[in-house]
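What follows is a short report on a single structure.
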Amino acid sequence: MHEDARPLALVVSDSLGDTAFAVLRAALAQFKHGSCEVRRLAKINDVESLRAVLDESSSRSVVVLHTIVDVALRRKVEGLLDSRCIPIIDVIGPALDALSMVLGQSPSQRVGAVHPSKV
């Protein structure tokens, strides 16, 4: 299969994307090696860079895994993906929501909190 014909699994993050990338690698281990192209879009702070990647990949099947902690940016990214009927896997959001409820605190939304020296 020609590389451009393979589906694209896109890791998107407002930090480095290590968490979503690790989840994607674990999931892809259940499938035939090389079934899709994997790309990482790190340190995004607006939807324009994502829109550009999606525009250049418009003829391919795409799935997006993201770890965007900034709520406003997450909503914009998910809105863009929804408008294009692209499957979305929010790797961090459900964990933040559950912890917020249990801890009685709001998340800091601090980008790169896991590895602040790298961001």
Side-chain angles (χ1 to χ4, degrees):
M1 181 180 290
H2 187 269
E3 182 170 278
D4 288 341
R6 293 183 303 162
L8 173 63
L10 186 59
V11 171
V12 178
S13 181
D14 48 8
S15 184
L16 299 178
D18 293 344
T19 303
F21 186 74
V23 170
L24 177 60
R25 282 188 56 210
L28 284 175
Q30 300 298 315
F31 299 91
K32 182 180 171 189
H33 179 73
S35 296
C36 70
E37 178 187 355
V38 174
R39 288 177 63 185
R40 190 185 309 211
L41 188 57
K43 298 184 180 181
I44 70 160
N45 55 18
D46 60 43
V47 296
E48 296 312 313
S49 53
L50 175 58
R51 181 176 282 117
V53 171
L54 295 176
D55 287 348
E56 74 181 36
S57 305
S58 63
S59 64
R60 301 168 71 180
S61 295
V62 178
V63 61
V64 172
L65 286 81
H66 76 78
T67 51
I68 299 174
V69 297
D70 179 282
V71 175
L73 180 57
R74 186 184 324 155
R75 285 186 187 129
K76 289 177 186 175
V77 165
E78 290 180 347
L80 173 63
L81 297 171
D82 282 342
S83 74
R84 296 181 182 216
C85 299
I86 294 173
I88 310 162
I89 302 163
D90 180 351
V91 176
I92 198 85
L96 293 173
D97 292 345
L99 286 167
S100 181
M101 185 173 35
V102 169
L103 299 173
Q105 302 174 27
S106 294
S108 69
Q109 297 187 46
R110 188 168 41 105
V111 174
V114 171
H115 33 68
S117 63
K118 293 182 181 179
V119 178

If you look at every heavy atom in [X] and [Y], which pair is closest and at what distance?
X: Ser35; Y: Pro7; value: O-CD, 3.4 Å
X: Gly17; Y: Val11; value: O-CG1, 3.6 Å
X: Ser49; Y: Asp46; value: N-OD1, 3.5 Å
X: Ser13; Y: Ile68; value: CA-CG1, 4.3 Å
X: Arg6; Y: Cys36; value: NH1-O, 3.4 Å
X: Val12; Y: Leu50; value: CG2-CD1, 4.0 Å

Report the distance from atom [atom1] of [X] to atom [atom2] of [Y], rounding to the nearest 0.5 Å.
X: Asp97; Y: Asp90; atom1: CG; atom2: CG; value: 8.0 Å
X: Leu65; Y: Ile92; atom1: CG; atom2: CD1; value: 12.5 Å
X: Ser15; Y: Ile44; atom1: OG; atom2: CD1; value: 11.5 Å
X: Arg84; Y: Asp55; atom1: CZ; atom2: CG; value: 4.5 Å
X: Leu81; Y: Lys76; atom1: CG; atom2: NZ; value: 14.0 Å
X: Asp14; Y: Thr67; atom1: CG; atom2: OG1; value: 6.5 Å

Do [X] and [Y] belong together in a cluster built from hydrophobic side chains that touch within less than 4.5 Å?
X: Val64; Y: Leu73; result: yes
X: Val47; Y: Leu10; result: yes
X: Ile89; Y: Val38; result: yes
X: Leu28; Y: Val62; result: no
X: Val53; Y: Ile86; result: yes

Checklist line | Ion pair check, Arg25 and Asp18, cut-off under 4.0 Å | finding: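 No, Arg25 and Asp18 are not salt-bridged.
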Notebook entry, point to check: Is the shortest distance from a Lys or Arg side-chain nitrogen in Arg75 or Asp82 to a carboxylate oxygen in the other one below 4.0 Å?
Noted result: no
Next item on the list: Could you check His66 against Val91 for side chain to side chain contact (heavy atoms under 4.5 Å, CB included), going step by step and ending with a plain yes or no?
Entry: CA-CA 6 Å; His66 76 78; Val91 176; over 6 Å; no
